[in-house]
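Read through the structure below, which is laid out as structure tokens, and then see the notes.
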Number of protein chains: 2
Amino acid sequence: MTPPIEFYFEFASPYGYLASIQIDDLAARHEREVRWHPIMLGAAFKETGARPLLHTPLKGPYLRHDAPRFARLLGVPFTEPPVMPANSLAASRACVWLEGDDPALAKRLAKAVFHAHWGEGRDIGTPEQVAEIAAPLGIERAALLAAVADPAIKERLKEATAAAIRRGVFGSPFVLVDGEAFWGADRLHQVETWLARGGW
Amino acid sequence: MTPPIEFYFEFASPYGYLASIQIDDLAARHEREVRWHPIMLGAAFKETGARPLLHTPLKGPYLRHDAPRFARLLGVPFTEPPVMPANSLAASRACVWLEGDDPALAKRLAKAVFHAHWGEGRDIGTPEQVAEIAAPLGIERAALLAAVADPAIKERLKEATAAAIRRGVFGSPFVLVDGEAFWGADRLHQVETWLARGGW
């Protein structure tokens, strides 16, 4: 069994969404699994001195035009959310919580959160909003609300983010395949070439 | 005649080099011309608060691995230069100087500078180094040295950079095609799709 592809993302990142739509299918074409890792990108930004693109002169207007244009090219829904960047703590903690017992469910929740936030333009900033997105997947509201307030879960997300940074992750999306790092939704075609050729 | 593609780049940017190798052929496939615009990226960085990638934690090591890997994929030479980021003032001024009388020669010089710097790993930081790169193209050394010290030429590059920033340019490479902005060497396939389909 070949090792899985590591897919790091921040829910508040539109490019994370645009990659999340493609990454599983891309990997499946090369008989690879994908491990999804929500991270708190703000922690990486502290290392690199980056600021959220949206609030950066010149880059902000570019992003707001580019992300929906990129989505149209992929044929996926895109709606600008009311709050950007969203507070992704609750959503990320919920995924980290589920990951322990049921990684497949954690991934389904991550996809649902991305779709709600960037596909439908819903805010994901509060635990209640995340619980609402999770409910149709059979995830119990009370259990989720308890989990995202649990210090052990908070710590687990913090540690997962720190581990990602130690592996060199500084952006969203960020893909590690066989030790090779690829940053950005626009690099997935290089990821695909890497998988197809076994490197170059 | 369809309007030309506007190609903005910074000589000190390896991704500018990687795009410069492809942009003319790409445009020619769609019967388009390309206007090359060297800019002083530092001026845009003042607007966006960006720092040179190379001196940014996490991003620096990524860049140094990614740029040569990208070059291998394209099958083009890549040698890490001794000084990064290079001082690109003299090279950019020389191009701006030639642009007035002979845009084709300005483009040939730009290609020669990119090749010397990123293909062969030569420094381009001094007027003398630029003059050496320019000599095989029949560009007279004394004339070039005078031009890059000419206040009018200095002003022209400054103004060209300011004009680029006013058009939203903040990175290298940066491509404007029919009013649409595409940032990054990894976006050239989107530029190509845009040209092939006339938008999407």
Side-chain angles (χ1 to χ4, degrees), chain A residues 8 15 18-19 41 43-75 164-171 174-177 179-194 196-197 199-200, chain B residues 8 15 18-19 41 43-75 164-171 174-177 179-194 196-197 199-200:
Chain A
Y8 296 88
Y15 299 108
L18 295 171
L41 199 56
F45 279 10
K46 274 185 198 145
E47 302 280 325
T48 58
R51 312 188 259 175
L53 283 179
L54 192 76
H55 298 298
T56 304
L58 299 170
K59 288 187 179 177
Y62 177 82
L63 169 79
R64 292 175 83 155
H65 181 73
D66 178 60
R69 181 181 65 188
F70 202 144
R72 282 202 314 278
L73 179 61
L74 296 176
I165 292 171
R166 282 195 301 272
R167 297 185 78 178
V169 174
F170 57 80
F174 203 98
V175 175
L176 291 177
V177 45
E180 290 290 316
F182 295 91
W183 169 37
D186 33 25
R187 287 302 183 90
L188 290 189
H189 62 292
Q190 288 196 0
V191 171
E192 179 122 43
T193 303
W194 190 271
R197 299 188 192 170
W200 65 72
Chain B
Y8 296 88
Y15 299 108
L18 295 172
L41 199 57
F45 280 10
K46 275 186 197 145
E47 303 279 326
T48 59
R51 310 188 261 176
L53 284 179
L54 192 78
H55 298 299
T56 303
L58 300 169
K59 287 186 180 179
Y62 177 82
L63 169 78
R64 292 176 83 154
H65 181 74
D66 178 58
R69 180 182 64 188
F70 202 143
R72 282 203 313 278
L73 179 61
L74 296 177
I165 293 171
R166 283 195 301 272
R167 297 184 78 177
V169 174
F170 57 81
F174 203 98
V175 176
L176 291 177
V177 46
E180 291 290 316
F182 295 91
W183 170 38
D186 33 24
R187 286 304 182 88
L188 291 189
H189 61 292
Q190 288 196 0
V191 172
E192 178 122 43
T193 303
W194 190 272
R197 299 188 192 170
W200 64 73

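Chain letters run A, B, ... following the sequence lines, proteins first, then strands; residues in each count from 1. Here the structure is a predicted model, which means the values were calculated and not measured.
Of all the listed residues (A/Gly184, A/Ala181, A/Gly168), the one sharing the greatest number of non-hydrogen pairs under 4.5 Å with chain B is A/Ala181. The greatest number of non-hydrogen atom pairs below 4.5 Å with chain A, out of B/Gln190, B/Arg72, B/Arg187, B/His65, is found for B/Arg187. Options A/Ala44, A/Pro57, A/Gly49 differ in how many heavy-atom pairs under 4.5 Å they form with chain B, and the most are formed by A/Pro57.
Here the shortest heavy-atom pairing between B/His189 and A/Asp186 reads CE1-O, 3.9 Å. The shortest non-hydrogen separation linking A/Leu58 to B/Ile165 is CD2-O, 3.6 Å.
With a 4.5 Å cut-off on non-hydrogen atoms, B/Thr56 touches chain A through its side chain but not through its backbone. Both the backbone and the side chain of B/Trp183 have a heavy atom closer than 4.5 Å to some heavy atom of chain A. Residue A/Pro61 does not touch chain B at all, counting heavy-atom pairs closer than 4.5 Å. Only the side chain of A/Arg51 comes within contact range of chain B, with heavy atoms under 4.5 Å apart.
Remark: side-chain polar atoms of B/Tyr62 are not paired, donor with acceptor, to backbone N or O of A/Phe170 under 3.5 angstrom. In this structure, A/Trp200 contributes its side chain and B/Arg69 its backbone to a donor-acceptor pair below 3.5 Å.
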